[in-house]
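Remarks on the structure that follows.
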There are 2 protein chains.
Amino acid sequence: MEPTDGKRPTIYDVAREAGVATSTVSRALTNPGRVNERTRDRVVEVAERLGYRTNALARALPSGRTRTVALFVSDITNPHFFGIIRGAEQQTRAAGCTLILADTEESPDLEAAHIERLSGSVDGFVIAASRMSDQQIGELTGRHRLTLISRQVGGVPSAIVDHEDGTRQIIEHLASLGHRSVVYAAGPRRSWLAAKRWHAVRAVSRKLGLSATRLGPFPPAVQGGAAAADAALGQGATAVIAHNDLLAIGMLRRFTDRGVHVPNDISVVGYDDIFGADFCSPPLTTLAGQFDEAGRLAIDLLLGARDGTRPPQADNQVVLPSHLVVRGSTGTAPS
Amino acid sequence: MEPTDGKRPTIYDVAREAGVATSTVSRALTNPGRVNERTRDRVVEVAERLGYRTNALARALPSGRTRTVALFVSDITNPHFFGIIRGAEQQTRAAGCTLILADTEESPDLEAAHIERLSGSVDGFVIAASRMSDQQIGELTGRHRLTLISRQVGGVPSAIVDHEDGTRQIIEHLASLGHRSVVYAAGPRRSWLAAKRWHAVRAVSRKLGLSATRLGPFPPAVQGGAAAADAALGQGATAVIAHNDLLAIGMLRRFTDRGVHVPNDISVVGYDDIFGADFCSPPLTTLAGQFDEAGRLAIDLLLGARDGTRPPQADNQVVLPSHLVVRGSTGTAPS
DNA sequence: AAAACGACTGCAAGCGGTTGCCAAACTTTG
DNA sequence: CAAAGTTTGGCAACCGCTTGCAGTCGTTTT
């Protein structure tokens, strides 16, 4: 029954069929209060009958609002981002929007390129673990709606998991097991988080009277673990804190291969509590945080800011709690 | 220097500044052969100077081609899909397009709803592990560009990893270890793959003279493993093939908890070789396949078909090879 | 030298909605 | 019953880019 030549019906088709103007159809469908109930019912009925679907592109063109947001992750392979992606996807959907996903491959240039490319087809960006400089991010904020995850930059809304308090929990845990020194196996040089975690490790260690050493940087992946493990053994470490769980798991494997027993000979702690941290061998003691919540929150911050519901102010920097999950990879210090 | 009032420059701005018509600007930028080299250079120079970026929406509106594709996964939590997502993302980007990601939460209705919603803003859909019926998919193919992963339906392009040959490898491996019977812990009822895997298990078992039993269905997640493990023990199984690695890992944990030793008491095999399969305890014997390649291929099929490069025929059903990775979770049958 | 031909480039009509402005119709008020 | 006010619905102008058609010129063909 569609008056179309095989194409999707438009508001013109609906308008003709219902005997009204396109403007009325448009209002009937999007601005219910603005049109008489009877005509609205008729329009809706006709639209339904014709199988009319509004064309998102056409709708977005005049307003510029696409109801689409982009999420960038620095490495789509890393299970750490699963939670973030899932949370962001859920919340985006809940807001009736669409999520675009892009992998930035640890490259600040690729981040910028993606923004450049998507700018205009997207209402805003959520960047997880951005590798761009503070300055770059600052400049971008002027031109685009932007929200960060696992990164803080003055004036930019963000959601992070508390690394300071979390690191305190880690170090106190190790100290309570009798460890007098810790080694930190660092993540990528450009990673803001890697820097922050090291700072926290050093600060807390100092306060508790432990010595802290930094090794690395190592690639934040399972394969990076071998070098990190060897380096830690070279230091004669009794406890090592890895930049993230991937690295920690890689270290565990290397220790096993080298006949080093965890936790008797050395304790290992990771960050993030990723998938697998609970069933590797031994199960990993790690700092857990609600990263799916961070993903949700980042979307809220972005979309809320967009609607003017919340002012996009500097104080939109949410810090989520973290808690230590103690498993088998940590034990009393060897004597 | 931009003649704009803070907004992005458009081809009108470029046209005015370069002293040509907008149509010339458009052609100069997209259809190089259609315009004199000198004017083209001038246009390009002006566009550059003004910081002109083409508006993807406006470009897509007349043509209907958005250079965007959507990927659906049935459960974004499942690490199995990350290879697929990564491959699809890479290939989409390589083709200069944009990827939209959506979670369908194991629901055929949600798949349909997503298609409905995105139809018009997307050039095509890649659906991984679709839960829709063959008939639904068939109907959709008429109206949308569609490619499947881990699912075959007549006439629809698809990429799957060989489950028949793979299952043969699994059963032969188990038979060679002296097992005389296998138990299959099934996945979701709506899963095409679960059905296929069971069929293959049964067929190959029969051929090799083993008995095969199906249990389940179980949720294809780590949590589903406990029930599956208990059921397998109830059957007195010596070897169990799990619908996927998540389920297999869950079973391993349950066996450990119940004091059942793997592989001495029972052998466990999974499918997919997901992240974690190599470091769970014991490491999991599993059927590996190149799922990132499947993701890439699905995009190629979709985009190639779109450009008319390949005919969107039924024979566009690619089957990727699979190979068994033997690890510690399988051993000789108990006597 | 006139005709035919190409190479460029401009005109203008969309693509499918949204929305400011205005007129018609209907209500309420004095 | 006229004046003022309130709904309701249509007109038409965008949003920014693409593209069929046609016009302008400089060349080549006969």
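Since the model is a prediction, treat every value here as computed from it, not as a measurement. In what follows, chains carry the letters A, B, and so on, assigned in the order in which the sequence lines appear, proteins first and then strands, with residues in each chain numbered from 1.
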### Query
Using a cut-off of less than 4.0 Å, is there contact between a side-chain N or O of T24(B) and OP1 or OP2 of dG10(C)?
yes
### Query
Checking all strands, does V25(A) fall into the base, sugar-phosphate, or nothing category for heavy-atom contacts under 4.0 angstrom?
nothing
### Task
Can you tell me the distance, in whole Å, between the CG atom of N55(B) and the P atom of dG16(D)?
7 Å
### Task
Tell me whether the OP1 or OP2 atom of dG17(C) has a side-chain N or O from T54(A) closer than 4.0 Å.
no
### Query
Should D75(B) and T77(B) be marked as a side chain to side chain donor-acceptor pair (under 3.5 Å) after you check the CA-CA gap, both sets of side-chain angles, and the distance that decides it?
CA-CA 5 Å; D75(B) 172 15; T77(B) 307; 3.1 Å; yes
### Task
Could you pick out which residue, Y12(B) or V35(B), lies toward the 5' side of DNA chain C when each is mapped onto its nearest nucleotide?
V35(B)
### Query
Can you find a donor-acceptor N/O pair under 3.5 angstrom joining the side chain of S23(B) to the base of dC11(C)?
yes
#### Entry: Donor-acceptor pair present, R59(A) side chain and dG16(C) base, under 3.5 Å
no
### Query
With nearest nucleotides of DNA chain C determined for T39(B) and P62(B) from heavy-atom distances, which residue corresponds to the more 5′ nucleotide?
T39(B)
### Task
Output yes when E116(B) and R53(A) qualify as a salt bridge under the 4.0 Å nitrogen-oxygen rule, no when they do not.
yes
### Query
Less than 4.0 Å between a side-chain N and a carboxylate O, is that true for D41(A) and R38(A)?
no
### Message
For the CG atom of D292(A) and the CD1 atom of I76(B), what is their distance to the nearest 0.5 Å?
### Response
11.5 Å
### Integer-rounded Å distance: dG9(D) P and I11(A) CD1
16 Å
### Query
Hey, does R40(B) reach any base, or is it just sugar-phosphate, or nothing, if we go heavy atoms under 4.0 Å?
nothing
### Task
Tell me which nucleotide among dT19(C), dT18(D), dT19(D) gets nearest to the side chain of R27(B).
dT19(D)
### Message
Taking 4.0 Å as the cut-off, does a side-chain nitrogen or oxygen of T22(B) come that near to OP1 or OP2 on dC17(D)?
### Response
no
## Note on the structure
Rounded to whole Å, the CZ-C1' distance (R38(A) to dC26(C)) equals 13 Å
### Message
From CG of L29(A) over to P of dT18(C), roughly how many Å is that when rounded to an integer?
### Response
8 Å
### Message
For R143(A) and S119(A), which I'm curious about, is there any donor-acceptor pair between the side chains at under 3.5 Å?
### Response
no
### Message
Could you tell me how far apart R34(A) (CZ) and dC22(C) (C1') are, to the nearest whole angstrom?
### Response
11 Å
### Message
In whole Å, I'd like the distance from the CG atom of L57(B) to the P atom of dT18(D).
### Response
13 Å
### Task
Send over the distance from R16(A) CZ to dG10(D) P, rounded to a whole Å.
15 Å
### Query
Taking the nucleotide of DNA chain D with the closest heavy atom to each, which residue, S63(B) or G19(A), is nearer the 5' end?
G19(A)
### Message
Can you tell me if Y52(A) touches the phosphate of dG17(C), counting only side-chain N or O atoms and a distance under 4.0 Å to OP1 or OP2?
### Response
yes
### Query
In whole angstrom, what separates L61(A)'s CG from dC17(D)'s C1'?
9 Å
